[in-house]
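Quick notes on the structure that follows.
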Amino acid sequence: MSVMDLLAAVRDADERHRIFAERLEDPLAYEVEHAFHFSAKDNLCTSDFQARAGSRILEGYRPPFDATAVARLRQAGGLLIGKTNMDEFGFGSFSTNSATGVPRNPYDAARSCGGSSGGAAAAASMLEGHLAVGVSTGGSISCPASFCGVVGLTPTYGRVSRWGLIDYGNSLDKIGLLSASSGMIRRYLPAISGPDPLDPTSQVQPPLDMSGQIRSVAVPEEALTGLSGSMRAAFEDAVARLERMGVEVRRGAMPALRFALSAYYILATAEASTNLARYCGMRYGDIEQETDQSFNEFFSRVRSRGLGREAKRRILLGTFCRMVGFRDRYYIKALQVRELIIREYEEQFRSVDAVLTPTMPFVAPRFDEIESMSALETYQADFLTGPPNLAGLPHISIPCAYIDGLPAGMQLVAPRWEEGRLLSLAERWENGFEYRRPEGRA
Amino acid sequence: MDEGTVRRVAKVSRLDLTDDEVSIYAADLEDILSAFAVLDEAPTGEDFDLDPVPVEDRLRDDEVMAYPDPGRLRREMRTADGWVRGPRLA
């Protein structure tokens, strides 16, 4: 694609689908020699754009450095074309909780892109050859990948340095990649992976081995309840296709999965409530000028104005779950349940190479449908993506069906550090299954 | 979750909530926490880690640097009898 075509495609996709919180507009910048173009979710710091993480409270925040993952992709020849729209601080599954623009699904502009990496998935879907960097805490790469019909890889927790990532939950956040097919992800995952002295949690990883294979998968029965009828049928068709490809499919049970979502939300919101304490109007972004109040009054006023409804809800929930008197029943229990889920996956991996489920229980909902969902209902939509995220295991969402023209994904979870086998399977899948492209895609 | 608890948690979190907001969040959180009660059915473990993977701290050697102008630092400090005075905390 020529430089002018790329610029036009980016501008067009952005205007119609509100993909970018900020993007490269200068045509001269597009002429810089590059091997590929990429975008970064707006919770990743880059020195050439604001980093607002979908929040009003970070309006005007211009980081003085690049996140490690971004720097490494630039070193690999990537041109950063923009920062993609997202739910505020990662709080959401539909990218509707955004103060910088709500992205619209490439297949139907009245529908959500999913979240919280909604803009990233839309960019991957709409721009030829694009690599989108996303972040997942509870499923924020898988969900939009499924809704937008792209491949989304969430690496093992600790595989990619989180230096320069605006935290949601430190023990859960993972930086990953989305693209229209697995090739770009396979090529550039090594670039962003690897130990970084600036992130201690990235230091214990073994080298990335891309040679793994998937010969057998387990489908837990818990993953088949609560799906829409059409999703269930589409998933079974995908399973049948995998069997024809020579993958052995075993049906099993993972009873601990029913605890995963609650444990995830408790841990994630507890960590988030601590991490968001720093947004008090004095350190990042535009500085509040009225300082006639006490510190606590000042902080409370700034935070109440700058944080959105879902952010407040999660701060309240997370603060509560770790308060004295409630901590044992919620926070400590959630930590114990996390261990339980990790062990349950390990048990499965003794006999199969991956665990397979649908990615989401339904296709992309319409915006009016989302507005009538309660907070709990939106959380419950994550029941399939929550477990691998809680366990820190690598997982991939691969487009496997189109239901009334809307994409749906299947999710494979591999043992810790085994990203390679997930991408190998995606590549094999792509040999037989043809991905569609949205109309108006460049 | 009752409204009194919501107000208490909001104060700790440094969030000013309107009466309407307190009411809405109380209902939401009640709903959510009822769903989370499923955790009571999960077995308790003895051990648990705060991190899902082992974390290793890599340390570096101290890099000794001289403060550019110790004299200026001393001039701008509030001192008494050769000690530096800090702000009163309580």
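The two residues B:Ala35 and A:Ser262 have their closest heavy-atom pair at O-OG, 3.9 Å. Nearest heavy-atom pair, A:Leu317 versus B:Leu33, reported as atom, atom and distance to 0.1 Å: CD1-CD2, 4.0 Å.
In this structure, B:Ser13 OG and A:Arg303 CZ are separated by 7.0 Å, a value rounded to the nearest 0.5 Å. Atom-to-atom distance recorded for A:Leu316:CG and B:Met1:CE is 7.5 Å, nearest 0.5 angstrom. Annotation: the span from A:Leu376 atom CG to B:Ile32 atom CD1 amounts to 6.0 Å, rounded to 0.5 Å. Put simply, CE on A:Met323 and CZ on B:Arg8 are 4.0 Å apart, with the number rounded to the nearest 0.5 Å.
Within the 4.5 angstrom heavy-atom criterion, only side-chain atoms of A:Ser374, from C-beta onward, approach chain B. Both the backbone and the side chain of B:Glu41 come within contact range of chain A, judged by heavy atoms closer than 4.5 Å. Residue contact with chain A, scored on non-hydrogen atoms closer than 4.5 Å, involves the backbone and the side chain of B:Ala37 alike. Looking at B:Tyr25, only its side chain comes within 4.5 Å of chain A, counting heavy atoms on both sides. Heavy-atom distances place the side chain of A:Tyr331, and not its backbone, under 4.5 Å from chain B. No part of B:Arg60 comes within reach of chain A, as not one of its non-hydrogen atoms sits under 4.5 angstrom from that chain. When heavy atoms are compared at a cutoff of 4.5 Å, B:Thr5 approaches chain A solely by way of its side chain, counted from C-beta outward. Residue B:Leu29 touches chain A through its side chain alone, counting heavy-atom pairs closer than 4.5 Å. In this structure, chain A has heavy atoms under 4.5 Å from both the backbone and the side chain of B:Val38. Only the side chain of B:Asp28 comes within contact range of chain A, judged by heavy atoms closer than 4.5 Å. Contacts of A:Leu276 with chain B are absent, with no heavy-atom separation under 4.5 Å from either backbone or side chain.
Heavy-atom neighbours of A:Asp292 CG from other residues, nucleotides or ligands within 6.0 Å: above the threshold of 12. Residue B:Arg7 qualifies as enclosed at atom CZ: its count of foreign heavy atoms under 6.0 Å is above 12.
No other option in A:Ile332, A:Thr156, A:Asn296, A:Thr201 has as many heavy-atom pairs under 4.5 Å with chain B as A:Asn296.
With a 4.5 Å cut-off on side-chain heavy atoms, A:Leu340 and B:Pro43 count as touching.
Within the 3.5 Å criterion, the main-chain N or O of B:Leu39 finds a donor-acceptor partner in the side chain of A:Lys333. Listed for the B:Arg14 side chain is no donor-acceptor partner under 3.5 Å among the backbone atoms of A:Phe299.
A salt bridge does not link B:Asp16 to A:Arg301: none of the charged nitrogens lies less than 4.0 Å from a carboxylate oxygen.
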